[in-house]
Every structure is written in structure tokens, then in C-alpha cells.
Amino acid sequence: MTAGTSVRIVTGTATLCVFDPALLRHKLDDDCDWWSIPSAELAAVNAGQAAFFNVDGDGAYEIALHAELAEPHASVHLAVASGRVFIGAGEDVTGGGLEPDTAYGGLFVDVPAGSYRVQARRDGAYISLAFVPNARSGNAFADLVRI
């Protein structure tokens, strides 16, 4: 992963998702919007399978990658098994027989397999993300993550 990389995404679900597709492959035959059920979203986040960052509204967001964020609005622990992470709109998460691609936005980044603390900060339509290596890959959120 290269700090300084950026991509524009457009979401119709007011959600940014970050995940290793290998860890959500078991959701391939599930409904395409399985994650829109709050308990299912929270279960995936707490298991460290995905980071869903809920934003204020639908629309375009510029996503920029950084080495680390000094003052993140949220941090989510995430497991990475394959070394490949997808960053994109919530509607691009694995499900409904489809896996993510970058045809309509989003970005694949390569990181060493392991556990990360994904830091997020939103300033209007600009979202900063950082993948900080961490020993922990699970979370204990009681509510959905919002930035």
C-alpha cells in the first residue's frame, strides 16, 4: 500500500467499506445487501472481517491513504488473510453472487497479511484512511461505526 494513493468513490448507501475479499467469500451467495441489516454489519465488523464506515449521506467521496492519522475519528481492527484489501462503497461488498471490482470505483490495495487498525477521518467529502499494523483483529462495538 502506498501512502498518498487516492481514489474517488460514489456511494448510494452512505457507507464506505474496507475488507479482504477472501474473508467475506462466505457471503458470496448471501443477499447483496446482507450488510445493511445493522446486526449483520456489526457482526462482520466485530469479527474483524470488514470495516464499515457510515457517513452522513450518499454521494462522492475522495479517499486518501496515509501511513497513520494523528487524530482519527474512528479506528476498526481488521484481519487481512490474502494481502489484498478492497476499499469502496458499501454496495460493492461481497454478496448477491458478486465480489468487488473497480469498474464503478473503489480501489484494491496490497498489504502484508496480518491484523490492522484501520484509522478513518472524514472532513466533508474527503476521507483519510490508514492501515496501522496491530496484533488485534476483532472489535467490540455496540453500535455501527460512523465518521
Parallel, tilted or perpendicular, as decided by the 30° and 60° cut-offs, for the rings of Tyr126 and His66:
perpendicular
For [X] versus [Y], what's the shortest heavy-atom pair and its separation?
| X | Y | result |
| --- | --- | --- |
| Ala74 | Ile147 | CB-CG2, 3.7 Å |
| Pro21 | Phe108 | CG-CE2, 4.0 Å |
| Thr94 | Trp34 | O-NE1, 2.7 Å |
| Asp92 | Pro100 | O-CB, 3.3 Å |
| Gly90 | Thr11 | N-OG1, 4.3 Å |
| Val10 | Ala89 | O-CB, 3.5 Å |

If you measure from [atom1] on [X] to [atom2] on [Y], what distance do you get to the nearest 0.5 Å?
| X | Y | atom1 | atom2 | result |
| --- | --- | --- | --- | --- |
| Leu65 | Ser6 | CG | OG | 8.0 Å |
| Arg146 | Phe52 | CZ | CZ | 13.0 Å |
| Leu107 | Phe86 | CG | CZ | 8.0 Å |
| Trp35 | Gln49 | CH2 | CD | 15.5 Å |
| Thr13 | Asp33 | OG1 | CG | 10.0 Å |
| Ile37 | Asp31 | CD1 | CG | 7.0 Å |

If you measure only the distance, is there a donor-acceptor pair under 3.5 Å linking the side chains of [X] and [Y]?
| X | Y | answer |
| --- | --- | --- |
| His73 | Arg121 | yes |
| Ser36 | Glu41 | no |
| Ser75 | Gln119 | no |
| His77 | Ser137 | no |

Pairwise salt bridge (charged side-chain N to carboxylate O under 4.0 Å, His left out) hits with a residue in residues 8-23, at least two apart
none
Those residues at least two apart in sequence (or on a different chain) that pass salt bridge (charged side-chain N to carboxylate O under 4.0 Å, His left out) with Asp29 are none
With side chains defined as the heavy atoms from C-beta onward, is the minimum distance between Phe131 and Val80 less than 4.5 Å?
no
Would you check if Val85 and Phe19 make a side-chain contact, meaning some heavy-atom pair closer than 4.5 Å?
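The answer is no, as the side chains (C-beta and beyond) never meet within the 4.5 Å cut-off.
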Between the side chain of [X] and the main-chain N/O of [Y], is any donor-acceptor distance below 3.5 Å?
| X | Y | value |
| --- | --- | --- |
| Asp58 | Ala14 | yes |
| Asn139 | Val45 | yes |
| Asn54 | Val145 | yes |

For Ile63, give me all partners under side chain to side chain contact (heavy atoms under 4.5 Å, CB included), at least two apart in sequence or on another chain.
Val7, Ile9, Leu16, Tyr61, Ile87, Ile127, Leu129
State yes or no: do [X] and [Y] share one hydrophobic cluster built from I, L, V, M, F, W and Y residues joined by side-chain heavy-atom distances below 4.5 Å, directly or via other members?
| X | Y | result |
| --- | --- | --- |
| Leu144 | Leu78 | yes |
| Leu24 | Leu42 | yes |
| Leu98 | Val93 | no |
| Val111 | Val76 | yes |

